[in-house]
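Since the structure comes first, as structure tokens, the remarks are kept for the end.
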Protein chains: 2
Amino acid sequence: MASPRPSVSMKDVAALAGVSVGTVSNVLNSPALVSDATRARVEKAIAKLGWVRNESARQLRAGRSRSIGIVVMDVANPFFTDIVSGVEDYVHNLGYSVQLGNSAQQTEREAAHLKLFEQHRVRGLLFAPISEVGQRVVELRRHGIPVVIVDRAAKDAPYCSVAVDDVEGGRLAVDHLVDHGHCNIAFVGGPMTIQQVRDRHFGAQLALSQLGDSGHLRTIATARLDTGSGAVAAGDLVALPAGERPTAVFAANDLLAIGLLQGFITNGISVPDEISLIGYDDIEFAAAAAVPLSSIRQPRHALGMRAAELLFAEIEALDNDAPHEHEHIEFRPDLVVRRSTSRCKCDEGR
Amino acid sequence: MASPRPSVSMKDVAALAGVSVGTVSNVLNSPALVSDATRARVEKAIAKLGWVRNESARQLRAGRSRSIGIVVMDVANPFFTDIVSGVEDYVHNLGYSVQLGNSAQQTEREAAHLKLFEQHRVRGLLFAPISEVGQRVVELRRHGIPVVIVDRAAKDAPYCSVAVDDVEGGRLAVDHLVDHGHCNIAFVGGPMTIQQVRDRHFGAQLALSQLGDSGHLRTIATARLDTGSGAVAAGDLVALPAGERPTAVFAANDLLAIGLLQGFITNGISVPDEISLIGYDDIEFAAAAAVPLSSIRQPRHALGMRAAELLFAEIEALDNDAPHEHEHIEFRPDLVVRRSTSRCKCDEGR
DNA sequence: CCCTACGGTTGAACCGCTTCAGCCATTGCG
DNA sequence: CGCAATGGCTGAAGCGGTTCAACCGTAGGG
């Protein structure tokens with residue numbers, strides 16, 4: 001039934017080179033132990049047979065893997081690919097490789113990837129979770145797999161984390177809107193199970209509370225954090241009676257904001273004249289949007305770099321049985337003002 | 001030195017459940033062979049110990065892996081993440097998982113990922129190559145790993161492929177420009193080692209050749225296919241003496257086009273009034289760009305789905321020792337006209 | 001009452017590699 | 001010349017699973 005699978009093994013290499021398998025292994029892992037002549041012979045045999053090490057066997061015996069995993073909640077979001085690129089840049093010259101798992105905003109796929117990486121006994125895991133981190137991470141460490149949580153603060157939690165202060169970011173965004181005279185503001189984002197969304201929402205509320213009773217934050221929940229959901233939300237907003245319609249919208253991320261912008265444009269609503277719009281993440285496309293998007297910048301690349309750095313610090317500590325103190329790095333977000341936000345009309349002429 | 005690594009193995013599970021390891025294995029792989037009572041006991045033991053199968057060991061013995069790999073040339077390009085999402089949607093309910101490798105437009109990283117996936121003996125590989133496919137794919141199949149080339153035509157090649165006709169796409173793009181009276185056109189793209197870039201360039205030349213001597217295609221080579229390179233190319237174009245400056249630009253992909261657009265805007269050059277611009281891929285952000293981008297649409301999601309389909313057909317054939325005929329699917333690209341292209345001024349009033 | 005069939009289980013071989021004790025020459029030193 | 005040290009290599013154990021021949025009861029048929 002199964003095909004012959006004529007896979008060459010180290011035994012074949014050893015036979016061809018006229019040495020034992022142990023020597024072949026040494027050529028690969030401790031070349032200094034082998035004489036030049038033998039090494040040359042073995043290398044020639046490897047090349048001739050086109051032998052490629054079976055990583056499963058190596059890992060099984062050696063007990064260690066040479067790759068780390070990263071599970072992100074949406075690989076279609078440039079924010080996360082920028083993080084990944086930061087990780088890759090850090091890991092690159094460490095001789096490790098990075099395996100990327102995309103949970104596509106589905107907890108089920110997220111769990112599948114987590115399990116897979118655990119089964120593969122990756123050396124470490126970077127994890128940008130959709131759902132609660134909970135028990136999973138603890139279980140991973142049971143197998144000696146350290147985990148660093150990316151893009152989610154985790155003070156006092158039993159793992160390292162790298163994050164940006166999302167409450168502060170939400171506050172910055174809405175402060176900016178309030179500064180421009182807006183008081184009827186909508187928050188567009190969801191699902192609320194995602195902590196980043198909750199935090200940004202909370203930050204928005206904080207900022208608005210300074211207005212006392214005169215401020216109003218309408219919350220429009222979206223199913224996902226993508227442009228499609230943004231377009232849907234735009235429809236909801238447009239359908240509102242003119243008097244009730246918010247004068248400014250804070251979108252939980254730039255993809256939503258771009259979708260909203262598109263929706264407004266097709267409905268003939270001018271941004272920022274009729275409605276101001278601010279996004280979050282400051283992805284590369286924010287600046288290139290139909291109306292250049294005001295946004296909250298996160299240090300995406302640095303986020304990935306630092307996360308990888310923490311992970312390898314923990315891996316090393318584990319290897320050397322050294323003590324390890326979990327670190328929680330928190331970056332501060334920055335407000336980037338472009339053209340999608342402007343002074344509220346209700347404020348004009350005052 | 002190395003930490004105690006208290007990893008639980010099947011032996012521990014077997015001991016706790018009072019059965020042999022063989023039985024534990026059967027519970028997992030052929031539950032029908034095991035009595036209900038025993039199965040329940042074993043499952044309880046697994047849960048209690050939090051045991052997770054060691055995939056290395058399983059794979060070593062079973063000889064088969066349960067995941068496929070996909071190597072793409074740039075995960076930061078939405079075009080490729082859309083392909084990936086197509087692949088994931090297809091693979092999802094087959095019980096396989098997808099491991100994603102990002103070569104970030106560097107042949108060195110591409111090679112590293114290829115090697116890694118080969119070492120891991122993935123079940124199959126989807127490959128969107130930067131460089132020549134060459135020997136690598138043949139070697140992979142030597143290990144019983146089928147490969148499907150994505151986004152590159154490969155008639156008569158010893159592997160399946162799924163692609164879009166890039167020559168036709170290039171022709172469509174420049175035909176559109178020529179139809180609007182442009183005859184001094186620039187092609188922006190690179191590196192030329194990437195076949196897609198060459199094909200699109202060739203298609204552009206074909207389209208322009210219909211003008212005879214009066215057409216002129218200036219080629220501006222870029223180092224990468226990203227927005228940064230687009231911005232650089234915009235600078236080059238702007239620096240040209242007014243008379244020589246092309247009236248239209250065909251960018252090899254949308255990222256370049258967006259970078260070019262940004263560059264033109266910062267230099268005060270109006271698109272499309274002073275210069276027309278057309279991209280390629282029709283990524284989601286093309287429609288949302290400062291000036292909505294005309295582009296050549298590729299069926300990105302379908303590309304991924306079909307590629308996965310072909311791969312699993314080949315995997316199955318391999319398993320059953322059935323004959324397999326390599327298929328080469330070629331989609332046709334579509335022209336999408338938006339606002340970034342318009343009639344050439346030189347053509348006005350005729 | 002013996003024989004066969006069969007469901008349920010065991011035990012050991014084995015996958016391809018790493019690792020390490022041990023072997024054999026050769027060399028250096030007293 | 002004897003002995004220890006050293007360099008280069010071998011051989012076998014073992015990593016944690018899967019798989020399969022063999023085994024053991026019990027039940028059913030003749």
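Please read all numbers here as calculations on a predicted model, not as lab measurements. Below, chain A is the first sequence line, B the second, and so on; all start at residue 1.
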Legend entry - Residues A:Gln119 and B:Asn54: side-chain donor-acceptor under 3.5 angstrom: no
Short heteroatom pairs, N/O only, protein and nucleotides 21-27 of chain D, under 3.5 Å:
none

Inset, instruction - May I ask you to say what B:Val19 touches in the nucleic acid, namely base, sugar-phosphate or nothing, with a heavy-atom cut-off under 4.0 Å? - result: sugar-phosphate
Inset, instruction - Between D:dC9, C:dC15, D:dA13, spot the one nearest the side chain of B:Leu60, thanks. - result: C:dC15
Inset, instruction - Determine whether A:Leu225 and A:Asp74 make a side-chain contact, defined as any pair of heavy atoms from C-beta on separated by less than 4.5 Å. - result: no
Inset, instruction - Tell me what B:Val34 touches on the nucleic acid: a base, only sugar-phosphate, or nothing, going by heavy atoms under 4.0 Å. - result: sugar-phosphate
Inset, instruction - Using a heavy-atom cut-off of under 4.0 Å over every strand shown, decide if B:Ser56 touches base, sugar-phosphate, or nothing. - result: nothing
Inset, instruction - Would you mind classifying the nucleic acid contact of A:Thr23 as base, sugar-phosphate or nothing, using non-hydrogen atoms under 4.0 angstrom? - result: base
Inset, instruction - Examine A:Arg300 relative to A:Phe79 and say whether NZ or CZ is less than 6.0 Å from the centre of the six-membered ring and inside a 45° cone about the ring axis. - result: no
Legend entry - Candidates C:dT9, D:dG16, D:dT10 - which lies nearest the side chain of B:Ser35: C:dT9
Inset, instruction - Determine, for A:Arg306 against A:Asp89, whether the closest basic-nitrogen to carboxylate-oxygen distance falls under 4.0 angstrom. - result: no
Legend entry - Rounded interatomic separation in angstrom, taking CE from B:Met10 and P from D:dC15: 14 Å
Legend entry - Residue whose closest nucleotide on DNA chain D lies nearer the 5' end, A:Ala32 versus A:Val21: A:Ala32
Inset, instruction - Quick one: closest heavy-atom pair of B:Ile68 and B:Tyr96, and the distance? - result: CG2-CD2, 4.1 Å
Inset, instruction - For DNA chain D, determine which residues of residues 42-53 of chain B have any heavy atom closer than 4.0 angstrom to one of its atoms, and list them numerically. - result: B:Trp51, B:Arg53
Inset, instruction - Would you please say whether a donor-acceptor pair under 3.5 Å links the side chains of A:His113 and A:Glu118? - result: no
Inset, instruction - Ignoring the backbone of A:Ser20, work out which of D:dT10, D:dG16, C:dG16 is nearest its side chain. - result: D:dT10
Legend entry - Gap between atoms CD and P, on A:Glu55 and C:dC15 respectively (whole Å): 19 Å
Legend entry - By side-chain contact (heavy atoms from CB on, under 4.5 Å) - contacts of B:Ser25 (at least two apart): B:Met10, B:Asn29
Legend entry - Candidates C:dG16, D:dT10, C:dT18 - which lies nearest the side chain of A:Arg58: C:dT18
Side-chain polar contacts of residues 146-154 of chain B - donor-acceptor pairs under 3.5 angstrom, sequence neighbours left out - could you list them?
unit_1	atom_1	unit_2	atom_2	d
B:Asp151	OD2	B:Gln196	NE2	2.9
B:Arg152	NH1	B:Ser131	O	3.0
B:Arg152	NH2	B:Pro129	O	3.2
B:Arg152	NH2	B:Ile130	O	3.3
B:Arg152	NH2	B:Gln196	OE1	3.4

Legend entry - Salt-bridge contact A:Asp319-A:Arg123 (side-chain N to carboxylate O under 4.0 Å): yes
Distances under 3.5 Å between protein N/O atoms and the N/O atoms of nucleotides 20-22 of chain C, please, pair by pair.
none

Inset, instruction - Before accepting this row, confirm whether a basic side-chain N of the pair B:Glu55/A:Lys115 lies closer than 4.0 Å to the acidic partner's carboxylate O. - result: no
Inset, instruction - Determine: side-chain N/O of A:Asn29 to OP1/OP2 of C:dT18, distance under 4.0 Å, yes or no. - result: yes
Inset, instruction - For the helix from C:dC1-D:dG30 to C:dG30-D:dC1, measure the angle between the helix axis at one end and the axis at the other, each built from five pairs, rounding to 10°. - result: 50°
Inset, instruction - Flag the pair B:His324 / B:His326 as yes when their ring centroid distance falls below 6.0 Å, and as no otherwise. - result: yes
Legend entry - Side-chain N or O of B:Ser9 closer than 4.0 Å to phosphate OP1/OP2 of D:dG16: no
Legend entry - Options D:dG17, C:dT18, D:dC9, nucleotide nearest the side-chain atoms of B:Arg61: D:dG17
Inset, instruction - Assess the pair B:Tyr159 and B:Phe127: is the distance between their ring centroids shorter than 6.0 Å? - result: no
